[in-house]
Amino acid sequence: MTTHYLVLSALLFAIGAIGVLVRRNAIVVFMCVELMLNACNLAFVTFARQHGNLDGQIIAFFVMVVAAAEVVVGLAIIVTMFRTRRSASVDDANLLKN
Amino acid sequence: MQPAEIITETGGVIGASWLMIALPAVGAAILLLFGRLTDRWGHLLGTAMSLASFAVAVLAFVELLGFDEAERRRQVMLYDFLPAGSFHVEMGLLIDPLSISFALLITGVGSLIHIYSIGYMAHDEKRRKFFAYLNLFVAAMLVLVLADNYLGLYIGWEGVGLASYLLIGFWQHKPSAATAAKKAFVVNRVGDFGLALGIFTIFTTFGTVAYKDVLANAGAAEQVTLTVIGLLLLLGACGKSAQLPLQSWLLDAMEGPTPVSALIHAATMVTAGVYLITRSGAIYEGAPTAQLVVTIVGAATLIAGAIIGCAKDDIKKALAGSTMSQIGYMVLAAGLGPIGYAFAIAHLIAHGFFKAAMFLGAGSVMHAMNDEVDMRRYGGLRTVMPITFATFGLGYLAIIGIPPLSGWFTKDSIIEAAMHVSPVLGWVAVIGAGITGFYMSRVMFMTFFGEKRWASDAHPHESPKVMTWPLILLSVGSVLGGGLLIAGGTFAEFLRPAVGAPEEPLAFHPVSVPGIVTIVLVLAGAAYAWTKYAKSPVPEVAPRGSFLTTFARRDLYGDALNESLFMRPGQWLTRLAVFFDNRGVDGIVNGLAAAIGGTSGRLRRIQTGFVRSYALSVFLGAAAVVGALLAVGSF
């Protein structure tokens with residue numbers, strides 16, 4: 001049964017989403033975003049398996065590529081931010097407001 | 001008898017009578033355009049232009065006399081002024097006995113004033129500009145009287161207003177002169193407004209503004225229309241001729257140099273109203289109500305001016321009061337209809353001479369007394385300034401109407417004519433003459449008789465010849481003018497083609513009841529003035545005086561009335577408008593802007609700059625989209 005996979009995917013996505021909204025540490029927020037992406041991957045793969053169609057699996061690969069690229073750029077930003085502000089809290093990065 | 005037909009003229013001096021206007025206009029243009037280059041000889045050019053214009057007027061007059069009486073109204077076409085569809089105005093000049101009389105007075109007395117000014121303004125550094133304005137004044141006044149249509153008259157009318165503004169405010173470094181000029185201009189504007197409306201009404205009624213057509217067809221128009229036109233034209237005349245209720249500018253206009261006062265009071269400006277009423281005689285004859293109002297205005301003004309003249313210590317203002325009063329006589333006479341036109345114009349010409357003589361005499365006195373105008377600081381000047389004394393004295397005797405000087409003939413004729421039409425008006429004129437006897441004697445005695453009350457640094461001396469000769473010529477005119485015009489009805493006969501004549505012309509009676517009463521009143525007034533201002537000492541500081549004195553000193557509260565009736569409500573109105581603009585119009589606009597600004601300020605708070613709150617809104621948005629999709633999918 002694929003239902004269990006989908007429920008797991010939804011749970012992982014919800015955990016990731018809550019993490020993004022609640023946590024301040026940029027690295028943790030980042031990890032939560034990864035969690036949400038991988039929850040989506042799980043859902044794609046599950047549906048691919050259920051329908052006997054490879055499209056979902058291929059999309060999962062694309063997501064991984066995008067996630068890898070995103071991690072590279074995002075981590076670089078976080079490191080730079082930490083260097084200048086001595087903090088990795090997303091609440092301290094509010095310069096654009098004014 | 002009706003006025004004669006107007007004939008179109010092409011040749012002769014009359015055909016070239018536009019030179020009368022062009023010469024002083026060119027003079028003014030040269031003096032103003034070439035500026036300082038003309039400083040050294042500008043006054044001579046101005047005087048020469050005025051004299052040349054006078055020469056043209058004399059030649060045109062002689063040529064006019066050569067025609068038969070029925071052919072003495074000659075029109076000279078100049079050019080198409082406004083060929084605008086149905087509104088077609090051809091500019092031309094109307095040379096008839098009425099306009100040529102004015103032209104002779106304006107250029108003749110005007111030229112004498114020019115000559116006098118050469119001496120009077122000798123030490124003024126702006127003398128050239130002064131002569132330019134004088135020339136402009138003469139040119140504008142000639143346009144006014146010579147034009148053959150109401151639009152041309154209006155152009156001259158406005159030109160006179162401009163020139164008077166420039167001249168009254170000639171010493172504009174004095175705030176009082178600048179204010180007086182502005183006041184004259186604004187008050188005249190009220191009158192001009194009436195004149196403009198009158199001309200509009202004339203055009204809508206008759207379809208033209210040419211005298212030739214308007215005056216010939218005036219009888220065919222409805223009486224109501226004629227009354228409206230008459231009253232509107234009267235408003236214009238009141239403004240220019242300083243009649244009640246638009247008299248207030250005249251006394252303040254004394255701020256100008258004295259020759260200007262002479263020019264305004266004797267030859268130009270204030271005579272314009274009398275000209276307008278006389279020229280529009282055909283309209284007034286069809287509107288008895290308007291005529292009645294004209295006579296009432298004239299009668300009221302002649303008394304009001306005389307009362308004002310009684311209390312003024314400033315010699316020029318006392319003379320200004322007398323001008324008001326004398327113009328009142330002319331307006332009264334002009335309002336009487338054909339019986340009075342000739343007398344109005346005769347008095348106007350006689351007045352031109354004696355008032356110019358007295359104003360220029362007053363200028364001569366001021367010149368000698370370091371520009372002192374307060375008569376309480378004069379006294380005993382007759383031995384020091386014999387020529388000024390003699391000429392001023394002749395003018396004085398003429399204005400109070402001592403026989404056989406000119407004022408006696410002309411004023412008595414007006415009184416007779418007024419008696420003939422309405423005894424009330426006649427007796428008002430008689431009383432006015434009596435008051436004239438008092439206030440003019442007061443001026444005379446305070447200035448030339450009594451003990452010396454001069455300022456310590458005053459060294460009076462007779463004026464130079466260039467100033468005394470015009471005085472002498474003017475005083476000759478004051479002595480002879482009236483007799484030449486009135487005796488034997490010469491002038492009435494001369495004017496007949498232009499203004500018509502009554503069925504039974506009023507012959508001049510040297511001895512009549514009103515005439516004798518007038519002379520007795522005048523002598524009584526003069527005697528009272530003699531006891532008060534020549535026999536007994538005149539205090540150097542004006543005593544408080546009775547209620548009546550204060551009333552007269554304040555110009556019969558005319559300014560106070562204008563202030564409370566028009567100025568203050570006007571100020572309130574502007575304040576109200578400003579308030580409405582600030583709070584109403586600006587309030588709506590500013591309120592809208594503030595509302596938008598405030599709303600966006602509140603909206604801006606949503607943008608906290610916290611990434612997590614943005615993430616939350618993205619999340620909520622996504623959830624809402626998913627919810628919406630599910631909701632749509634379930635149906």
Side-chain angles (χ1 to χ4, degrees), chain A residues 3 6-7 9-44 47 63 66-67 70-71 73-82 84-98, chain B residues 175 567-635:
Chain A
T3 318
L6 288 177
V7 169
S9 162
L11 277 176
L12 286 175
F13 189 89
I15 291 165
I18 289 166
V20 167
L21 293 178
V22 175
R23 297 306 296 263
R24 292 205 180 106
N25 192 320
I27 306 245
V28 178
V29 170
F30 226 73
M31 283 157 61
C32 292
V33 171
E34 291 301 314
L35 201 54
M36 286 162 74
L37 286 170
N38 283 308
C40 292
N41 276 352
L42 185 56
F44 275 124
F47 284 121
V63 171
V66 169
E70 183 223 320
V71 166
V73 176
L75 273 179
I77 290 172
I78 291 167
V79 169
T80 321
M81 225 169 70
F82 186 78
T84 56
R85 322 204 72 165
R86 288 279 139 212
S87 143
S89 166
V90 287
D91 285 2
D92 288 342
N94 57 356
L95 277 181
L96 269 183
K97 185 190 165 196
N98 295 317
Chain B
M567 197 191 96
R568 303 231 175 276
Q571 283 180 334
W572 290 331
L573 195 70
T574 50
R575 268 184 222 143
L576 195 73
V578 168
F579 179 80
F580 177 72
D581 186 49
N582 282 347
R583 297 291 165 86
V585 178
D586 286 7
I588 292 172
V589 175
N590 290 345
L592 193 67
I596 290 174
T599 318
S600 43
R602 275 191 199 94
L603 279 175
R604 206 180 54 144
R605 298 228 181 111
I606 296 172
Q607 315 236 328
T608 50
F610 291 116
V611 179
R612 290 182 303 141
S613 69
Y614 297 156
L616 179 63
S617 51
V618 170
F619 183 74
L620 289 177
V625 170
V626 170
L629 282 176
L630 284 178
V632 171
S634 64
F635 286 113

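Any value given below was found using the heavy atoms of this structure, including those in side chains, with hydrogens, waters and symmetry copies removed. Throughout, a chain's letter reflects where its sequence line sits, starting with A, and its residues are numbered from 1.
- The local environment of CZ in A:Arg23 is sparse, with at most 12 non-hydrogen atoms from other residues, nucleotides or ligands closer than 6.0 Å.
- Contacts of residues 24-31 of chain A with chain B at a heavy-atom distance below 4.5 Å involve A:Arg24, listed in sequence order.
- Near-neighbour residues of residues 11-22 of chain A relative to chain B, defined by a heavy atom under 4.5 Å from a heavy atom of that chain, comprise A:Ala17, A:Val20, A:Leu21, A:Val22.
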